[in-house]
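Heads up: the structure comes next, in structure tokens.
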Amino acid sequence: MTPPTTRPRRYWLMKSEPGECSIDDALAAKHATVPWTGVRNYQARNFMRDEMQAGDGVLFYHSSCPQPGIAGIAEIASAARPDPTQFDPDSPYFDPKASHGKPRWLLRDVKALRKTRLLGLAELRAHPELAHLKVLQRSNRLSITEVNEADWELILRLLA
DNA sequence: GCCAACGTTGGC
DNA sequence: GCCAACGTTGGC
């Protein structure tokens, strides 16, 4: 018997518009868990479909709002599964080219662990060690990016 | 509301 | 496969 394969825990930054799903909304949800619906970018989808693993750490980021920044800590809480909003003609995320037989968009459930103080962009930028963070790059539009372990640990220290 | 950057679309 | 037009993102 070969032992189950393991890999080091990975870390992600996931953007959510608080008007749609804030860290408070996620914490208030059943099991503090929300399906990460509405991602319609292939690179972000591929992270959810192929790269993530249950238990991975998540920086819960508020975007498109008065105070953008990291607002909480969460973790990946499920395997990949089809995003149901792609099949719903009444959803803004409806995708007429998707079908149940051939879903295009896969999501993960994300479990909120705690709300933190808001760690805003200006403060993130004030730490040169974090300068390479994807979310700080000029006009990065990707809603899911990977965070390396050193950055994860530094950010958790800043939030402590 | 502005606007730069980027992904997607579709004609060729 | 190219590439211009278009739509979206998202901080400011």
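Residue numbers begin at 1 in each chain, while the letters A, B, ... track the order of the sequences.
By the 30° and 60° cut-offs, the orientation of the rings of A:Phe60 relative to A:Trp36 is perpendicular.
In this structure, the CG atom of A:Leu136 is 20 Å from the P atom of C:dT9, given to the nearest Å. Taking atom CG of residue A:Leu124 and atom P of nucleotide C:dC12, one finds them 11 Å apart after rounding to whole Å. Between A:Lys134 atom NZ and B:dA5 atom C1' the separation is 16 Å, expressed in whole Å. We find that OH of A:Tyr93 is positioned 12 Å from C1' of C:dT9, with the value rounded to whole Å. In this structure, A:Leu142 places its CG atom 11 Å from C1' of B:dG7, rounding to the nearest Å. Across the protein-nucleic acid pair, A:Glu17 atom CD and C:dT9 atom C1' stand 9 Å apart, rounded to whole Å. Rounded to whole Å, atom P of C:dG11 lies 6 Å from atom CG of A:Leu121. Nucleotide B:dA4 holds its P atom 18 Å from the CG atom of A:Asn140, rounded to whole Å.
Put simply, A:Tyr61 has a side-chain N or O that comes within less than 4.0 Å of OP1 or OP2 on C:dG11. When the side-chain nitrogen and oxygen atoms of A:Arg125 are compared with OP1 and OP2 of C:dG11, none of them lie within a distance under 4.0 Å.
In this structure, A:Arg40 reaches neither bases nor backbone, as no heavy-atom distance under 4.0 Å exists between it and the strands shown.
Not a single ring-ring contact (aromatic ring centres under 6.0 Å, His included) links A:Tyr93 to another residue, sequence neighbours left out.
Nearest to the side-chain atoms of A:Lys97 among the listed nucleotides C:dG11, B:dT8, B:dT9 stands B:dT9.
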field: Trace of the salt bridge (Lys or Arg N to Asp or Glu O under 4.0 Å) decision for A:Glu123 with A:Arg117
entry: CA-CA 12 Å; A:Glu123 188 179 349; A:Arg117 73 185 178 87; 2.8 Å; yes
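A salt bridge links A:Asp83 and A:Arg40; the closest N-O separation between the charged side-chain nitrogens and carboxylate oxygens is under 4.0 Å.
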